[in-house]
Structure formats: structure tokens, C-alpha cells
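Single-structure report; data block below.
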Amino acid sequence: MIVRLKLPDGSYVEIENGSTPEDVAKSISESLAKRAFGAVVDGQLWDLKRPLPQKDEVEFRVVTEKDPEALEFLRHTMAHIMAQAVMRIYGKDKVKLGIGPTIENGFYYDFDLDGVKITEDDLNRIEEEMKKIIEEDLEIERFELPKDEAIKLMEKENQTYKIELIKEIPDDKVSFYKQGEFLDLCRGPHLPSTGYARYFKLLSVSGAYWRGDERNPMLQRIYGTAFTKKSDLEAHLKFVEEAKRRDHRKIGPQLGLFTLHPDVAPGLPFFHPKGVIVLNELIEFWRKLHKEWGYQEIMTPLIMHERLWHQSGHWDHYKENMYFTEKENQIYAVKPMNCPGHIVIYKSMSVSYRDLPLRFSELGKVHRYERSGVLHGLFRVRGFTQDDAHIFCTVEQIEDEVRGVAELTHQLYSPFGFEYFVELSTMPEDHMGDEETWEKATNALKRALDSMGLEYRINEGEGAFYGPKIDYHIRDCLGRPWQCATIQLDFMMPERFDLKYMGPDNVEHRPVMIHRALYGSLERFLGILIEHFEGAFPTWLAPVQARVIPIADRHNEYAEKVRKTLETHGIRVDVDTKSHTTSYKVRAAQLEKIPYMLVVGDKEMETGTVAVRLRSGKDLKQMPLEKVISAIKEEIDKKLLHSVFEE
RNA sequence: GCCAGUGUAGCUCAACGGUAGAGCGGCUGAUUUGUAAUCAGCAGGUUGUGGGUUCGAAUCCCACCGCUGGCUCCA
């Protein structure tokens with residue numbers, strides 16, 4: 001039998017049955033065969049020395065280190081090499097293997113080491129052993145076994161976790177990989193030999209429950225990263241460093257934005273004056289846009305009686321995450337969400353179809369219990385402010401409303417320079433409401449996104465049980481994604497609370513609710529901004545927008561005059577009158593990431609100018625005061641990302 | 001909550017069984033300075049908390065508390 005291979009350029013090659021990707025690569029060129037890591041066969045990653053499937057025709061592509069798939073081969077094999085090294089060091093009979101997959105930037109492997117603890121200091125030793133294994137250039141062989149034989153083999157090896165895995169695999173046969181003395185149940189793919197392995201580094205050790213379930217034993221996980229090119233590894237390690245440098249938990253307190261006091265209020269940040277300035281700018285911008293888009297701002301109580309939460313369903317489904325307080329034998333809940341409060345307002349009104357859509361917005365402070373181990377700066381907290389809104393509308397209005405929210409979101413995100421991508425989650429298996437309504441609603445969401453020309457990914461079955469939803473993920477300057485905006489349709493709440501509006505037919509109808517938050521959480525959004533800008537906020541957000549720096553005491557009076565002038569133009573400005581050198585004061589302003597430094601000395605005093613320095617280090621020399629003021633004002637008004645003096 | 005690491009002045013860190021120290025920051029004074037650190041002095045710590053070992057503990061042991069990295073990415 002002859003197999004026809006379709007190559008990426010559209011041409012065909014015919015090969016004999018039983019040929020491997022290596023044979024094919026050789027037939028194309030020797031050098032290609034040498035560089036090949038493996039292949040992609042009908043979209044599936046295929047080992048270099050594994051015979052090709054017995055089909056009439058397959059699509060075929062060789063993978064070399066230049067292809068993105070190369071990392072899959074490399075990292076899978078790296079995980080095995082690491083496991084082999086761990087077994088050599090700690091003794092084969094002491095080590096039980098968990099799973100060892102590839103992840104976004106590397107790989108990990110979980111081990112049960114019979115009570116022995118791995119610490120970060122051991123990573124060096126493991127790395128050394130891994131290098132030896134790579135040098136040994138052990139051939140990596142793949143073989144298949146029927147499940148019962150596979151279980152016997154693993155019983156012999158005392159690999160109890162693997163046995164559990166084999167039992168759950170639906171196929172009749174399972175595959176193994178072997179390199180030297182190391183053997184592992186594995187789907188692959190793998191490199192042809194350990195000598196192909198490249199630039200790697202072990203990063204950290206941590207505990208991880210077997211299969212992610214806390215009722216299971218805890219295994220020890222080692223994380224590593226690996227790349228086909230040295231420069232990629234270096235770039236990645238640099239990225240990790242860079243992310244550490246931008247950590248909002250460090251920059252935030254440094255710049256006087258907020259502090260955390262876990263002894264007093266774990267998971268509840270304290271915002272200092274400068275932090276509040278930034279938050280208030282975000283809020284002001286938000287309010288302006290929401291007014292334009294026809295929202296009415298409301299305020300609802302922080303704590304509300306338990307009966308409301310029974311009715312909303314939170315008592316049954318969300319109680320574990322809620323805080324409670326009791327007075328006069330009545331239980332009150334601290335709100336974890338704003339929707340029930342908004343519904344109380346809706347219900348207190350008699351709503352006509354002419355009133356819809358009704359858009360209620362609220363900067364609602366919500367509290368949700370999070371387990372102490374997961375708290376993280378401003379990103380994972382127990383109390384935060386949602387820029388929430390609920391739109392009550394008819395099914396027919398969904399599309400327009402969602403499009404409106406999507407456009408509003410776009411406007412809200414635009415001054416920050418974020419790229420973003422969108423996901424649409426559809427009906428899950430466990431859902432409420434009839435499928436027809438779901439379909440209608442989901443199609444309305446799709447049409448809204450399509451009409452905006454937004455690209456989106458569909459997550460089948462990932463919607464909430466009460467309705468489909470749209471999620472926005474923004475990418476910061478390091479390319480890290482953050483889920484922020486969410487738009488969720490809700491058929492359930494209107495039902496539970498028996499919401500109605502009077503239709504044109506003089507009959508009562510049920511409205512639909514759209515929950516939506518755009519920043520998501522103000523606190524979290526601030527955290528993202530701190531990391532995105534590394535604390536150097538665009539001028540409109542900067543807590544101090546300009547600092548006047550007098551050179552000597554005799555310039556203090558003029559400096560104060562300059563400060564007052566800027567202030568009357570609404571610019572946030574201060575003066576550094578400390579008895580220090582100019583260099584010192586410039587450095588201080590620089591470290592505070594103040595956008596404009598206005599140095600004033602004899603020359604400036606005489607001519608009524610200021611010497612402008614930008615935080616980029618750029619010295620603009622002397623400039624008339626009015627010119628600087630109008631530039632700063634323009635920058636603030638237009639919410640520009642960079643100084644108008646910088647291209 | 002669980003695993004590992006970690007906890008010394010406001011911050012960054014030193015001392016690793018023998019009297020807790022430095023730099024930065026703060027305060028005071030001198031200096032009057034031209035674009036990323038002028039000089040001097042002063043204040044500041046029950047070494048996270050509690051217990052134990054020891055003649056003696058920041059240091060060794062135990063417990064608790066906080067913090068950091070993980071605990072989703074299924075051979």
C-alpha cells in the first residue's frame with residue numbers, strides 16, 4: 001500500500017507504508033531530516049520515528065525548531081528528562097510519577113517522593129543531572145500496549161498514579177515512551193532523542209494536589225521552561241524579571257497609591273491620597289461616558305436582609321463566599337453582587353415598555369470571601385468596587401443594548417492603549433430557560449459583535465447557567481491577558497423576582513436583564529494599570545502632573561507663583577522647596593514618575609519662563625509658561641498616552 | 001485551607017550560639033546648589049507572636065500568625 005502525503009506547498013509525495021516522518025524528510029533533503037523535530041500529520045503532532053498512519057492520503061508537514069509546534073516536542077521531552085533526573089537522584093523506587101504536561105511557557109511534572117521534600121536549592125542538582133541526560137543523547141522510543149498489559153507493566157514499576165490514568169483512558173491501547181532506563185506512560189509527542197533538547201531552566205517547586213483535587217494526596221510539582229533558541233529562553237527569563245519589576249504590590253506602596261494591612265484587613269486594600277486621585281480620574285471618565293450612553297447612576301445598600309438573598313438564589317449558591325452580620329435576631333448579608341439591590345429599585349417602580357431599556361449603573365462596593373491563600377495584591381481581594389450596571393430590556397432590545405455596551409467598552413478602554421480580545425460563551429448543559437430563548441439571545445450577542453466588526457472566540461457550553469455571556473480580555477504591555485469587562489444575559493433573576501413591565505398590548509411582560517461591568521473591579525483595574533505603565537501613568541491619571549523645582553531658595557517665590565498659575569488651570573502641581581541640589585530634586589521627581597518637571601532659576605525668573613524636563617529624561621529647555629500649560633492641558637483633555645512634546 | 005520557601009528599623013539588606021548593624025528614607029543644622037543622590041548630626045528595633053533547648057538565642061527546636069510562589073491548563 002502506498003500513502004499519499006499532501007505537503008504544505010500543495011504538492012504530493014508518495015511513500016511506502018510503514019515509512020516515518022524521518023524517511024519523508026530525508027527524501028526531501030538530508031539537512032531537513034537533520035533539523036526535523038517531528039511532524040504534523042493531519043493536524044496531529046507525530047514523532048519523527050513513528051510510522052505514518054495507514055491511510056490513503058494524509059496532510060504532512062515537517063516540524064523544525066522554527067515551527068511553533070517544536071516547543072511542544074521539546075517541552076514534553078524536557079518533562080521526561082526532568083522526571084528521569086529526579087528518579088536518578090532520589091532513587092527510582094522512591095519516585096511515583098504524576099503527570100508532566102507542557103504549559104504556556106514551559107512544562108512541569110508532579111512527583112510523589114515518598115515524603116522527601118524538594119526545595120529550590122535542589123533544582124540546581126536536578127538541572128545538572130538533566131544536562132547529563134541530554135549529553136548521553138538517549139534514543140527516545142515509542143511503543144504501544146493493550147491496556148491490561150500496560151497496567152501490569154505499571155504495577156511492576158509500582159507507578160500507582162499511572163495505573164489510575166490508564167484505567168480512565170477510553171482507547172484500547174496506550175502509548176509509552178522509553179529513554180535509557182526511564183519509562184513513562186505518555187501520549188507524546190517527543191523528540192527523537194534526548195540530545196535534541198535545548199535551552200531550559202527549572203523555575204520553582206510547589207505543592208499540587210493529584211488531579212487538582214484537594215481530597216487527593218499532594219504531590220510536589222517542579223516547573224521549568226524550555227526553548228529551542230537560547231535567545232528565546234533569555235527573553236522569557238527577562239520577561240519574568242520585567243514582570244517582577246512592574247509588580248503593583250511593590251510600585252503601589254512606593255508611589256504612595258495604596259498599602260495592604262493583612263493584620264487589620266486581609267484582602268482589603270487601603271488607598272492613600274494619590275491612589276484615590278487615580279481612582280477618581282477613572283471614575284470621572286466612566287461617569288461621563290455612562291451619562292452619554294443613557295445610564296442612570298444609583299446607590300444601593302452595602303448590607304441587605306437575608307430574605308433578599310434567599311430570593312435571588314445567592315443563599316443557595318453563593319453563601320460560602322458571603323459575609324454576614326446579625327442584629328435584633330435578623331441576619332443581614334454584605335452584598336457580594338449588586339444585582340438584587342438594582343432589582344429592588346426596579347420593583348419599586350411601575351415600568352412601562354416606554355421606559356425600556358432601563359439602564360442602572362452603580363459603583364458598588366462588594367465583598368466576597370476568598371480563601372486566605374489566594375489573596376494577591378489588588379488582583380485578588382475580598383472587597384472591591386464593581387463598575388456595575390444592569391440593563392432591563394425586552395428580548396428584542398438585547399442586540400442593540402449589547403452593541404451599545406460593546407461600543408461603550410471600546411471607548412472606555414481606548415485611552416489606555418490596551419489591545420483586547422473577546423470571548424462568547426454559549427449555553428451550558430446545566431441551564432435554565434428554554435433553548436429557543438437561549439438561541440435567540442446568543443444570536444443577538446453574535447450579531448452585536450459582528451456588527452461591530454469585533455473578532456471573537458466562541459466557548460461552547462461555557463456560559464453561566466442563567467444566560468450566555470461575553471468576556472473581554474485586555475492585554476497589557478507585556479502581552480499578559482486580563483479578564484476585565486463582562487456582559488451577561490440573565491433570564492433567571494427576572495423570573496425569580498417576578499419582574500414585569502406593561503407592554504403596548506396592555507399585558508404584563510417579563511424583561512431580560514443584562515449584567516455588565518467594564519473595568520470589572522476598579523481596584524484590580526488600577527493594579528493592571530500600575531503594571532502596564534510601570535507606575536508612570538499618562539498625565540491625565542498621574543497623581544502629580546507637574547512639579548516645580550526651584551534651583552535655590554531665592555527662586556521659591558517665583559516657583560510658588562508658577563505653581564499657583566498651573567493650579568488655576570486645573571493641573572495637579574506641587575513645589576519642591578527642600579534645601580537640596582537640583583539634581584537631587586530632579587531625581588526625586590523622576591522616581592515619583594511625575595510627567596513634567598519645571599525647573600526655575602534666575603534665567604526663568606527674569607524671562608517668565610520655565611525649563612521643562614520630561615520624565616523620559618528629555619530636556620526641553622526654557623519655554624514660556626503659557627506654552628507648557630496649554631500643552632499639559634491638551635494632553636490631559638485628550639487623555640494622551642504620551643507627552644505632546646514627544647513623538 | 002494544603003505544599004514549599006520566608007519573616008531583623010518606614011524601605012533594601014547584614015550579623016547565622018557570645019553586647020543587633022549599614023545604606024536609603026525621616027528629623028535637625030550647615031550649604032544655595034542648573035536636570036537621576038551636598039555634608040554633618042540625631043531619632044528609629046522586646047529581631048512576626050508564644051513556648052522550649054542553652055550559662056547565653058535574631059541564630060537551634062516546636063506551635064501559631066503574616067507574606068511569597070504554587071495548588072486550572074488532565075498520560
Side-chain angles (χ1 to χ4, degrees), chain A residues 76 79-80 83 97-110 113 117-123 147 150 154 159 161-169 171 174-177 184-190 203-223 240 244 247 249-250 253-254 256 259-264 266 369-377 547 549-556 577-592 597-604 611-615 617-622:
Chain A
H76 248 281
H80 277 203
L97 300 172
I99 56 165
T102 62
I103 49 174
E104 199 180 341
N105 287 305
F107 58 91
Y108 68 77
Y109 215 119
D110 289 343
L113 287 182
K117 309 287 184 201
I118 301 179
T119 69
E120 308 226 342
D121 299 331
D122 297 324
L123 295 184
K147 267 163 75 173
M154 286 295 99
Q159 291 296 344
Y161 298 102
K162 296 291 180 185
I163 295 170
E164 199 181 318
L165 291 171
I166 295 170
K167 285 182 179 162
E168 284 173 27
I169 295 172
D171 311 337
V174 295
S175 59
F176 286 87
Y177 283 82
D184 193 10
L185 170 77
C186 182
R187 184 165 49 192
H190 283 280
L203 298 175
S204 61
V205 208
S206 72
Y209 297 105
W210 168 237
R211 323 210 76 177
D213 189 329
E214 52 192 87
R215 286 165 304 194
N216 286 336
M218 180 161 275
L219 309 181
Q220 294 191 69
R221 175 172 297 178
I222 303 179
Y223 283 93
V240 173
K244 215 187 275 174
D247 195 327
R249 292 169 302 177
K250 205 178 154 83
Q254 247 169 27
T259 49
L260 299 169
H261 303 272
D263 46 333
V264 180
Y369 166 72
E370 298 274 4
R371 297 195 290 179
S372 53
V374 303
L375 299 175
H376 182 99
R547 169 161 299 163
I549 300 177
I551 286 172
D553 288 351
R554 65 177 179 279
H555 309 121
N556 283 356
T577 51
K578 277 201 212 79
S579 169
H580 274 293
T581 60
T582 310
S583 283
Y584 183 92
K585 295 189 213 176
V586 166
R587 180 167 190 269
Q590 197 79 41
L591 291 176
E592 287 176 57
M597 283 158 253
L598 310 178
V599 181
V600 295
D602 292 335
K603 284 181 275 181
E604 289 75 18
V612 182
R613 179 192 159 103
L614 306 178
R615 66 184 157 192
K618 196 166 182 176
D619 187 352
L620 300 170
K621 308 287 188 210
Q622 276 171 251

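Residue numbers start from 1 in every chain, and the chains themselves are labelled A, B, ... in the order their sequence lines are given, proteins ahead of strands.
- If you measure from atom CG of A:Asp553 to atom C1' of B:G34, you get 15 Å, rounded to the nearest angstrom.
- Within the structure, every side-chain polar atom (N or O) of A:Arg211 is placed at least 4.0 Å from both OP1 and OP2 of B:C71.
- Whole-Å rounding puts the A:Leu620 CG to B:G34 C1' distance at 15 Å.
- Minimum atom distance to the side chain of A:Ser583 is reached by B:A37, of the listed B:G70, B:A37, B:U32.
- Phosphate contact (OP1/OP2 of B:U35, side-chain N/O of A:Thr582, threshold under 4.0 Å): absent.
- Remark: RNA chain B forms stems of 3 or more consecutive Watson-Crick or G-U wobble pairs, all pair distances under 3.5 Å, at B:1-7 with B:65-71, B:10-13 with B:21-24, B:26-30 with B:38-42, B:48-52 with B:60-64.
- Ring-plane geometry between A:Tyr177 and A:His80 is classed as perpendicular, the angle between the planes exceeding 60 degrees on a 0 to 90 degree scale with a lower cut at 30.
- Per the geometry, CG belonging to A:Leu375 stands 10 Å off P belonging to B:G1, to the nearest Å.
- Looking at heavy-atom distances under 4.0 Å, A:Tyr209 makes contact with a base.
- Distances from the side chain of A:Arg221 to the nucleotides B:C73, B:A36, B:U68 place B:C73 closest.
- When the side-chain nitrogen and oxygen atoms of A:Arg554 are compared with OP1 and OP2 of B:U33, one or more of them lie within a distance under 4.0 Å.
- In the set B:G34, B:U33, B:C3, B:U33 carries the atom at the smallest distance from any side-chain atom of A:Ser579.
- Contact annotation: the side chain of A:Arg613 approaches that of A:Gln590 to within less than 4.5 Å [non-hydrogen atoms, C-beta and beyond].
- Counting atom types as modelled, A:Gln220 pairs no side-chain N or O with a base atom of B:G70 as donor and acceptor under 3.5 Å.
- Taking the side chain of A:Tyr223 as heavy atoms from C-beta on, and the options B:A37, B:G69, B:C73, the nearest nucleotide is B:C73.
- The interatomic distance linking A:Leu219 (CG) with B:U72 (P) rounds to 11 Å, in whole Å.
- Residue A:His376 is in sugar-phosphate contact alone, with no base atom involved, counting any heavy-atom pair closer than 4.0 Å across all strands shown.
- Where A:Asp247 and A:Met218 each meet RNA chain B at their nearest nucleotide, the meeting point lying more 5' is that of A:Met218.
- Put simply, A:Arg547 has no side-chain N or O that comes within less than 4.0 Å of OP1 or OP2 on B:U35.
- The backbone N or O of A:Phe107 lies less than 3.5 Å from no partner atom in the side chain of A:Thr102, so there is not a single donor-acceptor pair.
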